[in-house]
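Read the structure below first, then the notes.
Quick caveat, the model's predicted, so the values are computed rather than measured.
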Amino acid sequence: MALSLVHSTLFSKTSQLLLHNKIGFSHFSSSIPFSTSALPSNPKTWRRPVISVLELGGVKIARDDVVRDDPTNNVPDTIFSKLGLQLHRRDQHPLGILKNTIFEYFDTNYSNKFDKFDELCPIVSVKQNFDDVLVPADHVSRSYNDTYYVDSQTVLRCHTSAHQAELLRKGHTHFLVTGDVYRRDSIDSTHYPMEGFRVFSPDEWEASGMDGTSFAAEDLKKCLEGLATHLFGAVEMRWVDTYFPFTNPSFELEIYFKEKWLEVLGCGVTEQEILKRNGKLNNVAWAFGLGLERLAMVLFDIPDIRLFWSDDERFTSQFSKGQLGTKFKPFSRYPPCYKDMSFWISESFTENNLCEVVRGIAGDLVEEVSLIDNFTNKKGMTSHCYRISYRSMERSLTDEEINDLQMSVREQVESKLNVVLR
C-alpha cells in the first residue's frame with residue numbers, strides 16, 4: 001500500500017513540473033536545499049559541495065554507495081546532496097511543526113498507541129518499494145524515467161509505504177511514518193509525506209455488528225475528520241470516492257478552506273493481500289497518506305515550495321516550535337528571468353529527463369519549467385518550446401550568469417536528450 005505516489009503519488013492523481021500550488025496528498029518527489037546567500041563572487045565556477053558521508057537511520061552511507069558508475073544507476077549528486085536534510089525533524093521548521101502537531105493529535109486521541117517513525121533510511125529494495133505494496137510489474141512508476149535507482153535492485157524510496165511490510169512483520173499494528181521521498185518527475189524532486197496505518201482484530205468489529213471493511217472505513221473517516229479539525233479548525237468537509245490499487249474502498253478527504261475545496265489526503269481500507277503477505281490473515285486495516293509541505297504551504301501561507309529548503313534567516317526566524325499556522329511574512333522578492341528553448345524531440349524524449357538536466361545545471365535557481373508551445377509539422381516531426389523561469393529568493397541574478405546557465409542547459413539538453421535545437 002503505497003500511500004504516496006505510485007500513480008504519480010499513491011494517493012494523488014497528477015504529476016506536475018510545477019508543484020508550488022498543489023495540495024496533493026503525498027508525492028514521490030523532492031526539492032533542492034536552496035540557500036544561495038553563500039555564493040562566491042564568481043558564480044560561473046561555483047558548484048555546491050557534496051558531502052561524502054551521511055548517517056541516515058543510524059547507518060553511515062558514503063556517496064559511492066548511492067552515486068555509482070553503474071549503467072543501472074541514475075542518482076545524480078544534486079539528489080545525493082539532499083539525503084539527510086530531514087526537514088521534518090526540525091522542531092522550528094514549518095514541516096517539523098506540522099508533523100509534531102499531527103503526532104500530538106494521535107497521541108492525545110489514541111493514548112499513545114501509534115508508534116512513530118521519522119528516521120528510517122530512504123534507500124530501500126525494489127521489493128520494498130514496489131512489490132510489497134502491490135505495484136504491478138509493468139507500472140510506469142518502476143521505470144528509470146520515474147524512479148532513482150541505485151542499482152537494479154535498490155532505489156531511493158518513492159513513498160514511505162516502502163517500510164510498511166517490514167513494520168507489519170515486526171508486529172506493529174498502529175504506526176505513523178514520515179520521511180523524505182524521491183521522484184524523477186519535477187523540478188521539486190524531494191517531498192515529505194506522512195503515512196498512517198492501523199490494524200484491527202476480529203473482536204474489535206464483531207461486537208459492533210458490522211463487517212470488518214465497513215468498521216474500518218467508518219473508523220478511518222472519524223479519525224481523519226478529527227485530524228482535519230485539529231489542523232484547520234471547524235471547516236466543511238466532504239469525502240470523495242476514488243480508486244487506489246492498494247485500498248478498497250478508497251477515499252479522498254477535501255475541506256472547504258479560504259473559499260475553495262482543497263484535497264487534504266488520500267486513504268482507504270487496505271487490500272487484504274497486503275495483510276496476508278505479512279502474517280495478518282484475519283485482520284482488516286486502514287491507511288492514509290498526506291504531504292506535509294503542501295499542507296504547510298496552506299497553513300503557514302508559504303507561497304513558494306522552495307522556501308522550505310532555505311537557510312535564509314528572514315524565513316527560518318519566523319517560525320517557532322509548537323506554533324502551528326504562524327503566517328509567513330514575505331520578504332523582498334527578486335525578479336524572475338525567463339529563458340525559452342525550442343527543439344525537435346525524439347521518441348525517447350521525456351519531460352522528466354529534461355527536468356533532471358535543468359536541475360543538474362541550475363539547481364535551486366530554477367523556479368519553474370513549463371511547456372508553452374508544441375506542434376507537429378508535415379514531416380511528422382514534433383517541436384516543443386519550454387520556458388525556464390530562473391529566480392533566487394535571496395538575491396538578484398545577473399544577466400551574465402543566467403545566460404551562462406541557459407547556454408549550459410541548451411548544450412546538455414542537446415547532447416543528453418537526443419533532441420535538435422531550433
Side-chain angles (χ1 to χ4, degrees), residues 4 9 12 16-27 29-37 82 85-103 118 178-181 183 186-194 227-228 230-233 235 254-265 289-336 363-369 389-395:
S4 297
T9 117
S12 181
Q16 300 172 306
L17 286 173
L18 177 63
L19 300 176
H20 299 169
N21 296 317
K22 185 171 183 345
I23 310 296
F25 106 76
S26 64
H27 292 233
S29 268
S30 308
S31 275
I32 299 163
F34 81 92
S35 173
T36 52
S37 58
K82 293 163 189 58
L85 288 179
Q86 298 188 319
L87 302 181
H88 63 295
R89 303 189 76 238
R90 302 180 186 182
D91 290 342
Q92 293 183 308
H93 189 282
L95 300 185
I97 295 169
L98 176 56
K99 181 207 72 173
N100 290 334
T101 302
I102 295 172
F103 281 1
D118 65 357
T178 311
D180 45 334
V181 300
R183 188 75 177 164
S186 68
I187 288 300
D188 302 306
S189 61
T190 310
H191 291 280
Y192 289 86
M194 175 182 289
L227 175 61
H230 185 68
L231 297 177
F232 292 94
V235 293
E254 297 182 350
I255 64 170
Y256 195 71
F257 190 73
K258 294 185 178 179
E259 300 185 347
K260 63 181 178 181
W261 286 101
L262 299 175
E263 178 192 338
V264 176
L265 52 80
L290 56 82
L292 290 178
E293 69 269 53
R294 281 159 182 73
L295 294 185
M297 289 176 73
V298 174
L299 289 164
F300 293 92
D301 282 351
I302 295 172
D304 191 324
I305 198 171
R306 296 178 304 160
L307 280 165
F308 290 125
W309 285 265
S310 175
D311 293 325
D312 192 317
E313 288 187 359
R314 291 174 295 175
F315 176 75
T316 59
S317 64
Q318 293 191 36
F319 308 101
S320 301
K321 180 179 179 180
Q323 299 299 307
L324 181 70
T326 299
K327 301 308 179 185
F328 170 67
K329 297 177 182 177
F331 44 82
S332 235
R333 281 182 67 85
Y334 296 96
D364 48 23
L365 298 182
V366 179
E367 182 176 57
E368 179 182 2
V369 175
S389 173
Y390 297 94
R391 189 206 302 257
S392 169
M393 300 295 293
E394 299 161 350
R395 64 185 180 91

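- Atom CZ of R90 sits about 15.5 Å away from atom NZ of K321, to the nearest 0.5 Å.
- To the nearest 0.5 angstrom, D304 atom CG is 6.5 Å from M297 atom CE.
- Using modelled atom types, one side-chain atom of R391 and one backbone atom of Y334 make a donor-acceptor pair closer than 3.5 Å.
- Ring pair F308/H93 is tilted by interplanar angle, where 30° to 60° counts as tilted.
- In this pair, H88 and Y192 present their aromatic rings tilted. The plane angle is within the 30 to 60° band.
- Side-chain polar atoms of S389 and E367 form a donor-acceptor pair below 3.5 angstrom.
- Contacts of K329 classified as salt bridge (Lys or Arg N to Asp or Glu O under 4.0 Å), with partners at least two apart in sequence or in another chain: none.
- With sequence neighbours excluded, the residues that form a salt bridge (Lys or Arg N to Asp or Glu O under 4.0 Å) with R89 are D118, E119.
- Listed by chain and residue number, nothing satisfies the ring pair (Phe, Tyr, Trp, His ring centres under 6.0 Å) test with Y390 (two or more places apart in sequence, or in another chain).
- The minimum heavy-atom distance between A296 and I302, with the atom names listed, is O-CD1, 4.4 Å.
- In this structure, Q92 and I97 have side chains that are not in contact, with every pair of non-hydrogen atoms separated by 4.5 Å or more.
- Note that CZ of F328 and CZ of F300 are 12.0 Å apart. Values are rounded to the nearest 0.5 Å.
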Exercise. Evaluate side-chain contact (heavy atoms from CB on, under 4.5 Å) for D364 paired with W309, printing each intermediate quantity in order.
Key: CA-CA 9 Å; D364 48 23; W309 285 265; over 6 Å; no

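- Residues that satisfy the side chain to side chain contact (heavy atoms under 4.5 Å, CB included) test with T316, not counting sequence neighbours, are E313.
- What you find for E293 and L95 is that their closest heavy atoms are CA-CD2, 3.4 Å.
- Looking at residues two or more places apart in sequence or on another chain, you find a side-chain hydrogen bond (donor to acceptor under 3.5 Å, both in side chains) between K258 and D301.
- Put simply, CG on D312 and CD on Q318 are 9.5 Å apart, with the number rounded to the nearest 0.5 Å.
- Residue S310 comes nearest to F315 through the heavy atom pair O-CD2, 4.3 Å, listed as atom of the first residue, atom of the second, then distance.
- With sequence neighbours left out, T326 forms a side-chain hydrogen bond (donor to acceptor under 3.5 Å, both in side chains) with no residue at all.
- Qualifying side chain to side chain contact (heavy atoms under 4.5 Å, CB included) partners for L299, counting only residues two or more places apart in sequence or in other chains: L98, F232, L324.
- With sequence neighbours left out, the side-chain hydrogen bond (donor to acceptor under 3.5 Å, both in side chains) criterion links E254 to R238.
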Quiz item: Where do L295 and L262 land on the side-chain contact (heavy atoms from CB on, under 4.5 Å) test, with the steps shown first?
Solution: CA-CA 10 Å; L295 294 185; L262 299 175; over 6 Å; no

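- Counting only distance, with no hydrogens or angles, the side chain of Q323 and the backbone of F319 share no donor-acceptor pair below 3.5 Å.
- In plain terms, the two heavy atoms of T101 and H230 that are nearest each other are O-NE2, 3.3 Å.
- To the nearest 0.5 Å, the span separating CG on D180 from CG on L292 amounts to 11.5 Å.
- Shown here are the ring pair (Phe, Tyr, Trp, His ring centres under 6.0 Å) partners of F103, two or more places apart in sequence or in another chain: there are none.
- With sequence neighbours excluded, the residues forming a side-chain hydrogen bond (donor to acceptor under 3.5 Å, both in side chains) with N100 are D91, listed by chain and number.
- One finds the OG1 atom of T178 at 11.0 Å from the CD atom of Q86 (value rounded to the nearest 0.5 Å).
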